[in-house]
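For the numbers below, each heavy atom of this structure counts, side chains included, while hydrogens, waters and symmetry mates do not.
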Amino acid sequence: MRKASALLFVAIVTLGMMLGFSTYTAKATSPGTVTINEPTGSEEVLFYEKITVNFDVDSNPGWIYHDSKISFGGVQIDYVTGGEGSSFEEDYFPETYVGVQTVTVKAYFVNYFLEEDTASDSAQFTINICSNNTDLTDLRIDKLHKAESGKKALYGNGVTICIVDDFLGCKTIANESFHMSLFRTCKNEINGNENRQYVDIEYYEWNSETDEFEEQWEPGVDTRQEKWQELYDEGAGNYDSIDDVHGTYCLATLRKIAPAAKIIFIATEDDRDVARESVYWLYDNYFDLEFDILSLSIEGFEVWNSDIENLAVFDVTVIAAAGNDGNIMTPLDYRTFPCTYEYAIGVTGVVDSSHGSSSDRWKIENGVNSGYGVEIAAISSAAELDWAPVPTFNYFIGTSNACPMVAGIIALVEQYQKTYKGNTNLNVTIIQKLFRKTGDALEFPPSHWGDEMGGTMEWYKDIHPQFPYATLADYEEYNFGWGIIDGYEMYKYFRENY
């Protein structure tokens, strides 16, 4: 189609030149030049922000510029036409979540003999996944996000994460919509496909008449954009504290780590009876939902044990927050459900590099639960967001924050497994082993240890083979499971041993 259009264009222009000019004697050695003026290489944007592409095309004598293709990282995002001395400027989303992106403009020319040729230019800019990358760097999540030999950039593509929490809502300062970091995919609308631009989400609420969770879209709502708008219209309200829209913060934390994952959100409406039904329902409806990871930053129930064990049979990884009651859990006292279930990954919290006094950093945070049933520690002191779902609260704290951080990291490793290790199912047993083999000591962030592989607490398995579910383990002393999660070392160990 493009070639036929070009030939017609050339035929008309050639006829005009034949009638108007008689001095053309030989074609130029090159058709012309493309010069990208923006980006220049120094620009940095967040993944949900646009970058300006500005370029000029100049034709050499005897050649006619017809059109150009603009590509980001090999993905064609636009096709533009122009004439002699053509200039072009437009803003685009970056097409990737983090790292250095290459912009290429390829211009197509034809001459009076209907010969075709091209010229091109490239430039670069940098994409950041969120406004504060400290946590990603400390836990080496940034290394998972970067492409390298034998590993594409990992963002959670092809992985489905289910969150069970109160509901999605917010009161932004402008009170207009959710922040783009919650629903943007960093993709452009190519060929009119607006679904590329929005995160894939399923949202379920409890119907007390049918005793079922039901997906909440109005009839005829079939695009991701419309779904997110409906979620906002229903969830906008007068909120004053994080507890009012706890689920929004959980999703925002997870999106910093696994922004390309598909989301299933089960709304409990802050109702314990509804929450109690959620895990039963998820197990009963697993084959319709087919999720990989279940993130639970809510207080659970002892009766969930059998359903969580059954989900493990489907290779679903259940991640559970340890809670924030300040208890060191034992096999008999202060047991938090479902954190202390053997088939759930219990998560406690540590203070990161940016919060607390220097003497507190990279230790168990005061006020979080720890001990029996805890497999791993992640950051609980505060994840800084790019927006404030509740005005002035642009951060999230507690093991409710640590839990989706772990869920997001596992999603990145699971994407690698699905892409490169199709014969190995990433199940809870393997993940627990990855923690044991790679969890890092307190006192320093995982980034402090570089590429040194090793689990700081692995030796404790020789003393108490059932740790962290051992009856006689010293949970006063060893209350943080296998240490602080190191996402990159988890990936490396999995890659080398499975």
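- Relative to the six-membered ring of Tyr420, Arg495 misses at least one condition, a distance below 6.0 Å or an angle of at most 45° to the axis.
- Of the charged side-chain nitrogens involved, none lies within less than 4.0 Å of a carboxylate oxygen, so that Glu489 and Lys437 do not count as a salt-bridged pair.
- Taking the six-membered ring where tryptophan is involved, the planes of His448 and Phe444 are essentially parallel, since the angle between them stays under 30° and well short of 60°.
- Lys363 contributes atom NZ, which lies 12.0 Å from atom CG of Asn366 (distance to the nearest 0.5 angstrom).
- Within the 4.5 Å cutoff, the side chain of Tyr334 has no heavy atoms near those of the Ile328 side chain.
- The aromatic rings of Trp387 and His179 sit parallel to each other, their planes meeting at less than 30°, with 60° as the upper class boundary.
- Contact between Pro446 and Arg140 at its shortest, heavy atoms only, is O-CD, 3.8 Å.
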Assess whether salt bridge (charged side-chain N to carboxylate O under 4.0 Å, His left out) is satisfied between Glu202 and Lys227, documenting all intermediate values. CA-CA 9 Å; Glu202 296 178 19; Lys227 290 177 180 179; over 6 Å; no

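- Residue Glu148 qualifies as enclosed at atom CD: its count of foreign heavy atoms under 6.0 Å is above 12.
- Using a 4.0 Å cut-off between charged side-chain N and carboxylate O, Asp386 and Lys256 make no salt bridge.
- The minimum heavy-atom distance between Trp482 and Met457, with the atom names listed, is CZ3-O, 3.3 Å.
- For Phe291 and Tyr286, the distance between ring centers is under 6.0 angstrom.
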Return all side-chain donor-acceptor pairs below 3.5 angstrom for residues 153-168, not counting sequence neighbours, or 'none' if the list is empty.
from   : atom 1 : to     : atom 2 : distance (Å)
Tyr155 : OH     : Thr96  : OG1    : 3.1
Tyr155 : OH     : Val98  : O      : 3.3
Asp165 : OD1    : His246 : ND1    : 2.9
Asp165 : OD1    : Gly247 : N      : 3.3
Asp165 : OD2    : His246 : ND1    : 3.0
Asp166 : OD1    : Gly247 : N      : 2.7
Asp166 : OD2    : His246 : N      : 3.0

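- With contacts defined as side-chain heavy-atom distances shorter than 4.5 Å, the pair Asn369/Asn324 does not qualify.
- Using a cut-off of 4.0 Å between Lys/Arg side-chain N and Asp/Glu carboxylate O, Lys187 and Glu194 are scored as not salt-bridged.
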